[in-house]
Amino acid sequence: MNSIKKRWEAVIAKALASYAESLEINPSVLDTVQLVIQVPPKPELGDFALPLFPLAKIFRKSPQEIAGKIAVLMNEMEEIPAGAVLAEGPYLNMYVNLSRDAERVCKEIADKGSRYGCSRSMEGEKVMIEFSCPNTNKPLHLGHLRNDSIGMSTAAVLEANGAVVRKVNLINDRGVHICKSMLAYEKFSDGATPQSTGIKSDHFVGNYYVKFNTWAKEHKDAEKSAQELLVKWEQNDEETVKLWSLMNKWAIDGIFETYARTGVIFDDIYYESKTYTLGKELVYRGLESQVFYREEDGSVWVDMEEIGLDKKVLLRSDGTTLYLTQDLGTAVARHEDWPFDKLIYVVGSEQQYHFKVLFHVLRKLGITWAENLYHLSYGMVNLPEGKMKSREGTVVDADDLIKTLTELARLEIIEKNRQDEVEDLDGTAAAIAQAALNYYLLQVSPAKDMIFNPAESIAFNGNTGPYLQYMGARISSMLRKYDTLHDGSQKRDSIVFNAELLNLQEEHQLIKQVLLFPDVVEQAGKELNPTVISAYLYELSRLYSKYYHDHQILRAGSDSLTFARVVLSEMVLQVLKNAFALIGIPFLEKM
RNA sequence: GCGUCCGUAGCUCAGUUGGAUAGAGCGCCGGACUUCGAAUCCGUAGGUCGCAGGUUCGAAUCCUGCCGGGCGUACCA
């Protein structure tokens with residue numbers, strides 16, 4: 001699409017220059033204005049448009065008059081691409097004939113398949129992306145699901161733009177909060193295990209974290225006991241470490257079961273328990289070089305006055321580390337393991353301050369690549385009923401939600417009486433649930449808080465993941481039918497795809513949309529924003545839906561027209577698949 | 001208080017980086033299946049883009065100030 005735009009730009013520039021000359025104006029003044037070719041608000045107004053307001057001053061003519069003159073000039077030019085130019089008010093509107101581009105992109109799609117849409121805009125760039133980062137004291141919740149969706153999708157988008165991407169997780173497996181569930185287990189478990197109780201292991205651990213909090217309400221020294229346990233842990237106390245290992249394994253195993261359900265995978269996993277000591281060393285190093293200072297009680301601090309912030313603790317008076325300390329160590333460990341050009345942290349907006357401090361402290365330590373760290377911040381997920389509050393038990397558990405969505409999908413398949421057709425009922429239901437979840441979460445710009453409405457997400461009509469899957473399934477079904485009716489593979493050799501036949505307005509728009517896909521992938525990468533893909537995908541589906549509804553494809557009237565429409569449908573299907581892969585929507589042949 | 005993000009239709013969200021009459025979905029009301037999957041499609045109604053200034057030929061978009069909200073501002077993570 002871009003290349004078409006560029007060809008038009010060149011012609012426009014030439015026409016403007018010759019117009020300037022005819023008015024005895026030096027064409028170089030045209031360089032001073034930025035002309036942006038845009039897409040008109042309505043398809044009837046053409047494919048591209050150029051507003052001429054900025055030129056009014058230069059030419060001392062009204063935009064309307066300029067439009068008229070330029071249109072005439074352009075239409076007379078030999079190098080004009082297939083199409084026509086019309087002056088409409090102060091706008092220059094271009095109507096493009098896309099049939100040659102359609103034939104070109106058809107070959108390209110056949111050639112590249114699942115790689116169609118990929119760009120080279122980030123070729124070779126090494127990007128590490130951190131996301132998810134669960135605590136090992138409780139199971140994943142809805143907030144993690146948004147985090148995972150953004151992380152997985154952003155990684156896929158970067159890869160599609162040629163970057164070498166390494167997805168990493170950081171397991172938050174140490175700290176005072178972990179000690180709390182350990183303490184409660186020691187007190188209340190009576191030796192119970194996930195196996196003995198039949199409870200999913202991360203939920204099992206989470207239950208003790210809840211127990212600690214209720215218990216702590218009536219026991220003032222509870223917090224202190226947890227802190228003491230942390231000191232024991234950092235001193236490598238054998239019993240403490242043993243319990244810690246046991247409970248962590250339970251938590252992590254359970255959490256990874258959930259990842260398997262949502263399709264979340266990592267290239268590498270870091271553990272804070274392994275990197276925190278490096279963090280400690282870094283702090284000592286900073287102490288020596290006097291970028292940090294020690295208080296009388298032994299705690300270590302950094303003063304951030306130079307960036308307009310307050311003072312911050314890096315090591316507690318009892319010598320134990322904090323979240324920030326660990327993150328210092330993790331960052332350095334990562335850069336040693338895999339020297340990245342860029343490290344993206346997908347972490348909630350509530351931690352903006354944390355990252356400001358983290359990046360600043362790393363710079364203070366003289367780490368040059370600190371400039372290449374980026375906090376991809378996203379907003380909170382709320383429910384239609386209001387905020388999620390762990391104290392009130394209104395946090396949406398990830399496993400529960402997935403289970404609910406899957407069950408709703410299963411019932412819907414049965415309701416539609418399609419269980420025989422889909423063959424794998426449970427697998428299909430799970431795939432639909434995943435589509436519902438990822439698409440809903442990736443519709444809202446990351447920066448914004450959002451409201452997650454489970455019922456709405458799984459709805460089968462409207463702007464939802466399942467709707468998109470349905471589009472893919474219908475096209476697939478139709479193409480299967482074409483193949484059985486016409487013995488498609490044989491037909492393919494004897495009929496030539498003639499895009500000239502596709503002259504319906506809907507076909508024109510569909511071709512345009514297909515041509516646009518690589519630009520969209522590039523934009524999503526540049527902005528680190530997967531929602532760009534979602535919006536594009538819905539528009540493509542909507543266009544095709546209407547087309548499919550209003551026009552016969554398999555019985556288009558002639559073999560060659562049918563074939564042309566089938567080829568267009570195949571192109572749309574391939575783009576659907578490719579876009580699905582970028583935002584975590586499983587493709588289904590049948591549903 | 002300070003920092004930061006946000007405020008668009010009844011609800012949930014887009015808005016191509018400053019351009020044409022601000023768009024979708026849901027919900028409401030009304031239409032379309034002897035036709036490739038109706039899990040669909042089409043139409044009607046619904047807006048002071050939080051408010052007030054400013055910059056500009058032109059502002060939902062940029063600037064300033066208010067109002068309203070979220071999140072930070074821990075020897076929590």
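Throughout, a chain's letter reflects where its sequence line sits, starting with A, and its residues are numbered from 1.
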* Counting any heavy atom closer than 4.0 Å, what does A/A459 reach on the DNA or RNA strands: base, sugar-phosphate only, or nothing? -> nothing
* What nucleic acid atoms does A/D449 come within less than 4.0 Å of, heavy atoms only: base, sugar-phosphate, or nothing? -> sugar-phosphate
* To do: Could you tell me whether A/S445 contacts a base, only the sugar-phosphate backbone, or nothing, with contacts defined as non-hydrogen atoms closer than 4.0 Å?
  => sugar-phosphate
* Hey, does A/P41 reach any base, or is it just sugar-phosphate, or nothing, if we go heavy atoms under 4.0 Å? -> base
* To do: Would you mind telling me which of B/rG72, B/rG19, B/rC41 lies closest to the side-chain atoms of A/H549?
  => B/rC41
* Have a look at A/P384 and say if it touches a base, only the backbone sugar-phosphate, or nothing, with a 4.0 Å heavy-atom cut-off. => nothing
* Structure fact -> Of B/rA77, B/rA20, B/rU40, the nucleotide closest to the side chain of A/R474 is B/rU40
* What is the distance from CG of A/L55 to P of B/rG18, rounded to the nearest Å? -> 18 Å
* Roughly how far, to the nearest 0.5 Å, is the CD1 atom of A/I178 from the CD atom of A/E272? -> 8.5 Å
* N or O in side chain of A/Y467 less than 4.0 angstrom from B/rC41 OP1/OP2 -> yes
* Asked: Between atom CZ in A/R418 and atom P in B/rG37, what is the gap in whole Å?
  -> 9 Å
* Are A/K57 and B/rC57 close enough that a side-chain N or O sits under 4.0 Å from OP1 or OP2? -> yes
* Asked: Say you pick atom P in B/rA45 and the same atom in B/rA22; how far apart are they, in whole Å?
  -> 14 Å
* Asked: So, A/E539 and A/R542, do they make that salt bridge, N to O below 4.0 Å?
  -> yes
* Distance in Å, A/F292 CZ paired with A/S299 OG, rounded so as to fall on 0.5 Å steps -> 13.5 Å
* Asked: What is the nucleic acid contact for A/E350, judged by heavy atoms within less than 4.0 Å: base, sugar-phosphate only, or nothing?
  -> sugar-phosphate
* Asked: For B/rU17, is chi within 90° of 0 (syn) or not (anti)?
  -> syn
* Asked: Counting any heavy atom closer than 4.0 Å, what does A/H375 reach on the DNA or RNA strands: base, sugar-phosphate only, or nothing?
  -> nothing
* Asked: Closest to the A/K356 side chain: B/rA39, B/rU73, B/rG3?
  -> B/rG3
* Asked: How do A/Y323 and A/I553 order along RNA chain B: which one's closest nucleotide is nearer the 5' end?
  -> A/I553
* Under 4.0 Å between a side-chain N or O of A/K180 and OP1 or OP2 of B/rC76? -> no
* So does A/D310 reach the base of B/rA74 with its side chain, donor to acceptor, closer than 3.5 Å? -> no
* Would you say the side-chain atoms of A/R174 and A/T321 include a donor-acceptor pair closer than 3.5 Å? -> yes
* Structure fact -> From the candidates B/rU17, B/rG19, B/rC13, the one with an atom nearest any side-chain atom of A/V444 is B/rC13
* Find the distance between CD (A/E527) and CD (A/Q523) and round it off to the nearest 0.5 Å. => 4.5 Å
* To do: Using the C1' atom as the reference point in each nucleotide, state the distance between B/rG46 and B/rC11 in Å, no decimals.
  => 12 Å
* Asked: Going from CD1 on A/I12 to CD1 on A/I37, what distance comes out if it is rounded to the nearest 0.5 angstrom?
  -> 3.5 Å
* Indicate, with a heavy-atom threshold strictly under 4.0 Å, whether A/S545 touches base, sugar-phosphate, or nothing. => sugar-phosphate
* Asked: Using atom P of each nucleotide, how far apart are B/rG68 and B/rC41 to the nearest Å?
  -> 43 Å
* Is a donor-acceptor pair below 3.5 Å formed from side chain A/Q552 to base B/rU35, judging by atom type as modelled? -> yes
* Do A/L468 and A/L576 come close enough that some side-chain heavy atom pair is under 4.5 Å? -> no
* **B/rU40 to B/rC71 separation - C1' atoms, rounded to the nearest Å** => 41 Å
* To do: Give the nucleotide from the list B/rU17, B/rA14, B/rC36 with an atom nearest to the side chain of A/V36.
  => B/rU17
* Under 4.0 angstrom, heavy atoms only, what part of the nucleic acid is A/E223 near: base, sugar-phosphate, or nothing? -> nothing
* Using 30° and 60° as the class limits, which term best fits the ring planes of A/W301 and A/Y293: parallel, tilted or perpendicular? -> parallel
* So, is B/rC33 syn or anti if syn means the angle is within 90° of 0? -> syn
* Asked: What does A/Y440 touch in the nucleic acid at a heavy-atom separation under 4.0 angstrom: a base, only the sugar-phosphate, or nothing?
  -> sugar-phosphate
* Between B/rU4, B/rG37, B/rG25, which nucleotide gets closest to the side-chain atoms of A/Y538? -> B/rG25
* So what does A/M591 touch, heavy atoms closer than 4.0 Å: a base, only the sugar-phosphate, or nothing? -> base
* **B/rG50 to B/rC13 separation - P atoms, rounded to the nearest Å** => 15 Å
* Can you tell me the distance, in whole Å, between the CZ atom of A/R60 and the P atom of B/rC57? => 15 Å
* Under the 3.5 Å Watson-Crick or G-U criterion, the dot-bracket string of RNA chain B, with | for inter-strand pairs -> (((((((..((((.....[...))))..((((.......))))......(((((..]....))))))))))))....
* Think A/N461 has a side-chain N or O under 4.0 angstrom from the OP1 or OP2 of B/rU40? -> yes
* Between B/rA60 and B/rU48 - P atom distance, rounded Å -> 14 Å
* Separation of the P atoms in B/rU16 and B/rC6, to the nearest angstrom -> 14 Å
* To do: Could you tell me whether A/P63 contacts a base, only the sugar-phosphate backbone, or nothing, with contacts defined as non-hydrogen atoms closer than 4.0 Å?
  => nothing
* **Nearest-Å distance for atom pair CG/P, residues A/L537 and B/rA14** => 16 Å
* List the steps, then state whether side chain to side chain donor-acceptor pair (under 3.5 Å) holds for A/H551 with A/E506. => CA-CA 10 Å; A/H551 304 284; A/E506 288 96 326; 3.2 Å; yes
* Asked: How long is the line joining CZ of A/R565 and P of B/rC36, in whole Å?
  -> 16 Å
* Rounded to whole angstroms, how far apart are OH on A/Y470 and P on B/rU40? -> 7 Å
* Structure fact -> A/Y482 OH to B/rG37 P, in whole Å, measures 16 Å
* Which part of the nucleic acid, if any, lies within contact of A/N93, taking any heavy atom under 4.0 Å across all strands shown: a base, the sugar-phosphate backbone alone, or nothing? -> base
* B/rC13 P sits how many Å from A/L442 CG, rounded? -> 14 Å
* Structure fact -> Judged by nearest nucleotide, the residue sitting upstream toward the 5' end of RNA chain B, A/L324 or A/T464, is A/T464
* A/F587 and A/F580 aromatic ring geometry - parallel, tilted or perpendicular at 30°/60° bounds -> tilted
* Side chains of A/L573 and A/S476: closer than 4.5 Å at any heavy-atom pair? -> yes
* Which is true for A/K590 with a 4.0 Å heavy-atom rule: it touches a base, it touches only sugar-phosphate, or it touches nothing? -> base
* **Validation row: A/N172, A/T136 side chains within 4.5 angstrom (heavy atoms)** => no
* **Euclidean distance for C1', B/rA74 against B/rG69 (whole angstrom)** => 24 Å
* To do: Give a yes/no on whether any side-chain N or O of A/K448 is located under 4.0 angstrom from OP1 or OP2 of B/rG7.
  => yes
* **Side-chain N or O of A/R542 closer than 4.0 Å to phosphate OP1/OP2 of B/rC41** => no
